[in-house]
Participant: 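First the structure, then my questions, so here it is.
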Amino acid sequence: MIDFLLHADKKLVELVAAYGPWVYAVLFAIVFSETGFVVTPFLPGDSLLFATGALCATGALSAPTAVGLLVLAAFSGNAVNYTIGRMIGPRVFAASDSVGISHRLLNRQHLARAHQFFERYGGKAVIMGRFVPIVRTFVPFVAGAARMTPHVFASYNVIGAAAWVGVCIGAGGVFGNVPVVKDNFSLVTIGIVIVSILPVVVGYFRQK
């Protein structure tokens, strides 16, 4: 997974060569799973979209198809996560920290952090959380657990999915094939992760 994260550009080229058009299904599944299930926050998100944008710029992938499918994946993933949160979220937050299946399957510290993020920013958290690794996986779950109004969540979800996919793929299309970026993709990927989590780090120290 770390190898895929750091070399997403090369891995995507290999997937395109091996599976052709089916690579869109692979991309859809990864983005859907990262945003749709609270137990898979480790899947690549930003770097995968950035690499997808770089391949779209070369013509290896269709930009309209990739953007359309991945916006749908991001939207539907969040919708599923929100629904799961409405169904089991209250029991997860009410459970003891040391017992129960929820403790073994879910990182309760991440849940608590996402809950604070949601409480502070409200509906905007659904959009802002898209750009923060790990947080984006837990925010829709917390929104569901907090009984956020479904149509309000759906509105923010559409905006967040379109903004996240559009910005990341757009950045990949513009910068992904620049020689210095292409030759140092691993460092660029690490930089993307650092920039993404920087708001969380700053917020942590401000809170302290």
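Residue numbers run from 1 in the order of the sequence given. For clarity, every value in this text was computed on a predicted model and none was experimentally measured.
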Participant: Where do Val80 and Phe32 land on the side chain to side chain contact (heavy atoms under 4.5 Å, CB included) test, with the steps shown first?
Facilitator: CA-CA 9 Å; Val80 168; Phe32 176 88; 3.8 Å; yes
Participant: With no hydrogens and no angle check, is any side-chain donor or acceptor of Thr137 less than 3.5 Å from a backbone partner on Glu34?
Facilitator: yes
Participant: Applying ring-ring contact (aromatic ring centres under 6.0 Å, His included), name anything that partners Phe153, two or more places apart in sequence or on another chain.
Facilitator: Tyr82
Participant: Do Val158 and Phe131 sit in the same hydrophobic cluster, where Ile, Leu, Val, Met, Phe, Trp and Tyr count as joined when their side-chain heavy atoms come under 4.5 Å apart?
Facilitator: no
Participant: Would you call Ser155 and Ile159 a side-chain contact if the rule is heavy atoms closer than 4.5 Å?
Facilitator: no
Participant: Compile the donor-acceptor pairs under 3.5 Å between side chains in residues 65-72 and protein atoms, sequence neighbours left out, one pair per line.
Facilitator:
residue: Thr65; atom: OG1; partner: Ser62; partner atom: OG; Å: 3.1

Participant: Any heavy-atom pair between the side chains of Val142 and Met148 that's under 4.5 Å?
Facilitator: no
Participant: Hey, could you give me each pair passing side-chain hydrogen bond (donor to acceptor under 3.5 Å, both in side chains) that has a residue in residues 156-172? Not counting sequence neighbours.
Facilitator: Asp46-Trp164, Asn78-Asn157, Arg130-Asn157
Participant: Closer than 3.5 angstrom, by distance alone: can the side chain of Asn81 be matched with the main-chain N or O of Thr35 as a donor-acceptor pair?
Facilitator: yes
Participant: If you take all heavy atoms of Ala74 and Val31, which pair is closest and at what distance?
Facilitator: N-CG1, 3.9 Å
Participant: Got a second to check how far Thr52's OG1 is from Tyr24's OH, nearest 0.5 Å?
Facilitator: 9.5 Å
Participant: Could you tell me which non-hydrogen atom of Phe75 sits nearest to which non-hydrogen atom of Ala154, and how far apart they are?
Facilitator: CE1-O, 3.9 Å
Participant: Shortest non-hydrogen contact from Ser33 to Ala29?
Facilitator: OG-O, 2.8 Å
Participant: Please answer: with hydrophobic residues joined when any side-chain heavy atoms are less than 4.5 Å apart, are Trp22 and Leu27 in the same cluster?
Facilitator: yes
Participant: According to a hydrophobic-cluster definition based on side-chain heavy atoms being under 4.5 Å apart (Ile, Leu, Val, Met, Phe, Trp, Tyr only), do Phe37 and Phe141 belong together?
Facilitator: yes
